[in-house]
Amino acid sequence: MADTTGNTTQAGVSGGADSAPRKSSWRSIGPGIVVAATGVGAGDLVATLIAGSNFGYTLLWAAVIGCLVKISLAEACGRWHLATGRTLFDGWASIGSWTTWFFAVYAVIWGFVYGAAAMSSSALPLQALFPDVMGLEWWGIACGLVGLVFVWFNKYSVFEKVMTVLVGVMFVVTVYLAIRVTPHLGDAFAGLLPVLPDEKDSVLNTLGLIGGVGGTITLAAYGYWVNAKGWTNTGWMKVMRLDNRVAYATTGIFVVAMLFVGAELLHSANIAIASGDKGLIQLGDVLEREYGTATGKLFLIGFFATSFTSLIGVWHGVSLMFADFLARRRGEREARGDELASGRRERSWAFRAYLLWLTFPPIVLLFQDEPFRLIIIYGVLGAAFMPFLALTLMWLLNSSRTPREWRNGSLSNGMLTVAGLLFLVLCVKQIWDQPWSEFF
């Protein structure tokens, strides 16, 4: 399909030394760590724990496939940004105005509800660690304000360093817990065989685990972080791909470690925990009973690191996307990769306006039950975003919008097709399960 935006497809593919291949190096990685930390929230850890507690190691293979699917999606986002010099939203806008309306509604409603969820999730471990200091709602407000101030006054380079430190905390805690529960490695390796549990709805439960391994709007933000790092042309393609693989190897370690904990600590003792973030508080109590106070407290620190990285990651990454959305609406047509690399987007009024939207209006939800109809709309939009991302990436990366040498090959098309179908099934199930009779 022809490009209808007025941008040339060569905007980010400048010749000469600037686009000469950079040597991939471990010292260069960064955006991948950010996307891994942001994408794996408390909800993902709970879902994996429950899968381990219900099915033991049976679904370990599904967690691994989930990481591979996300690698393909994040790589496609990064490849679009580097190959074209244009942002993902600029690509979406070239497909049609319906993408603009979808993103606008999604960003407003999703941001409002997610802001409250992120603040509450970060507050839970702090209240458990310091129960006599203040209530859950006030801890949540404090987390939101700290995230706001941190992202408002720091550029990407500082943001990345802090995220890396928090990922280190997450890594140490989850690996320590996996070792502490003494996993049966023979059973774990057997779990790599693709076998479905002998349970009702086992197919949908398995697909849910595959789709839930760090699958959020932050996958779309990956390309924005790639540009913010200063990677703006095809010379960084090999570095980006290494960075992306490291990201989801890290994600895989988090997920496998928590599945080990669920399989050994909960499944073997037939202990059930609640879904949602409160399940992690229950796990902290179980760990404290089984392994002592120090282990229980260490887990709560890891729980906070997991939740707070998701908070500040969304505060930064989705605000960048929103700023790009408004710039596109105002008719800006310059090469956006350079704009993101300069840091001007992070200082824009649109970036900071969305930061305020994520922080202050959601505080209302911390003090009352979340509005029923709003939560249903939020659930539907959230379920629809991932198939939207997978299918539009296929559209963009197989068209003349992308220089020929960087278009999808058969492997990329296969993985994005699998991702699109997977998330489409999960989207239909999510919509089907909503209590629509109570909505009207």
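Of all heavy-atom pairs spanning Ser310 and Thr38, the tightest one is OG-O, 3.0 Å. The shortest heavy-atom contact between Trp225 and Gly317 is CZ2-CA, 3.4 Å. Nearest heavy-atom pair across Met163 and Val34 is CE-O, 3.7 Å.
When only modelled atom types and interatomic distance are considered, Tyr222 and Asp243 share a side-chain donor-acceptor pair under 3.5 Å. Thr84 and Trp406 are not linked by any side-chain donor-acceptor pair at a separation below 3.5 angstrom, with hydrogens and angles left out of the test.
Taking the six-membered ring for Trp, Phe388 and Trp98 have ring centres closer than 6.0 Å.
Looking only at distances, a side-chain donor or acceptor of Thr402 sits under 3.5 Å from a matching main-chain atom of Leu396. With hydrogens and angles disregarded, a donor-acceptor distance shorter than 3.5 Å links the side chain of Ser94 to the backbone of Gly91. With Trp80 contributing its side chain and Leu397 its backbone, the two residues share no donor-acceptor pair below 3.5 Å. Between the side chain of Thr392 and the backbone N or O of Leu389, at least one donor-acceptor pair lies under 3.5 Å. Without hydrogens or angle criteria, Thr87 side chain to Asp90 main chain gives a donor-acceptor distance under 3.5 Å. Between the side chain of Ser121 and the backbone N or O of Ala118 there is no donor-acceptor pair closer than 3.5 Å. Here the side chain of Trp152 pairs no donor or acceptor atom with the backbone of Arg352 at under 3.5 angstrom. Using modelled atom types, no side-chain atom of Glu346 and backbone atom of Phe351 make a donor-acceptor pair closer than 3.5 Å.
With a 6.0 Å radius and a threshold of 12 heavy atoms from other residues, nucleotides or ligands, Phe171 has its CZ atom at or below the threshold. Counted within 6.0 Å of CZ on Arg245, heavy atoms from surrounding residues, nucleotides or ligands total 12 or fewer; the atom is thus considered open. Around CZ of Arg329, the count of heavy atoms belonging to other residues, nucleotides or ligands within 6.0 Å does not exceed 12.
Among pairs with a residue in residues 29-56, none fulfils ring pair (Phe, Tyr, Trp, His ring centres under 6.0 Å), at least two apart in sequence or across chains. Among pairs with a residue in residues 419-436, those fulfilling salt bridge (Lys or Arg N to Asp or Glu O under 4.0 Å) read Lys429-Asp433, at least two apart in sequence or across chains.
Between His81 and Tyr224, the ring planes are perpendicular. Angles over 60° get that label, and only those under 30° would be called parallel. Ring geometry, Phe150 versus Phe159: the interplanar angle falls from 30° to 60°, so the pair is classed tilted. Between Phe322 and Tyr354, the ring planes lie parallel to each other; the angle is under 30°, not in the 30° to 60° tilted range.
To the nearest 0.5 Å, the span separating CG on Leu196 from OG1 on Thr206 amounts to 5.0 Å. With values rounded to the nearest 0.5 angstrom, Glu75 atom CD is found 9.0 Å from Leu411 atom CG. Rounding to the nearest 0.5 Å gives a distance of 11.0 Å between CG of Asn413 and CG of Leu393. Rounding to the nearest 0.5 angstrom, the gap separating the CH2 atom in Trp92 from the CE atom in Met321 is 4.0 Å. The distance from atom CG of Asp338 to atom CZ of Arg344, rounded to the nearest 0.5 Å, is 8.5 Å. Tyr57 contributes atom OH, which lies 7.5 Å from atom CG of Leu259 (distance to the nearest 0.5 angstrom).
Remark: of the listed residues Val226, Leu320, Asp324, Thr232, Leu320 is the sole one forming a side-chain contact (heavy atoms from CB on, under 4.5 Å) with Leu340. Partner Met119 forms a side-chain contact (heavy atoms from CB on, under 4.5 Å) with one of Leu311, Leu365, Leu145, Leu358 and no other, that one being Leu311.
Every residue meeting the side-chain contact (heavy atoms from CB on, under 4.5 Å) condition with Leu166, not counting sequence neighbours, appears here in chain and number order: Val162, Ala305, Phe308, Thr309, Ile312.
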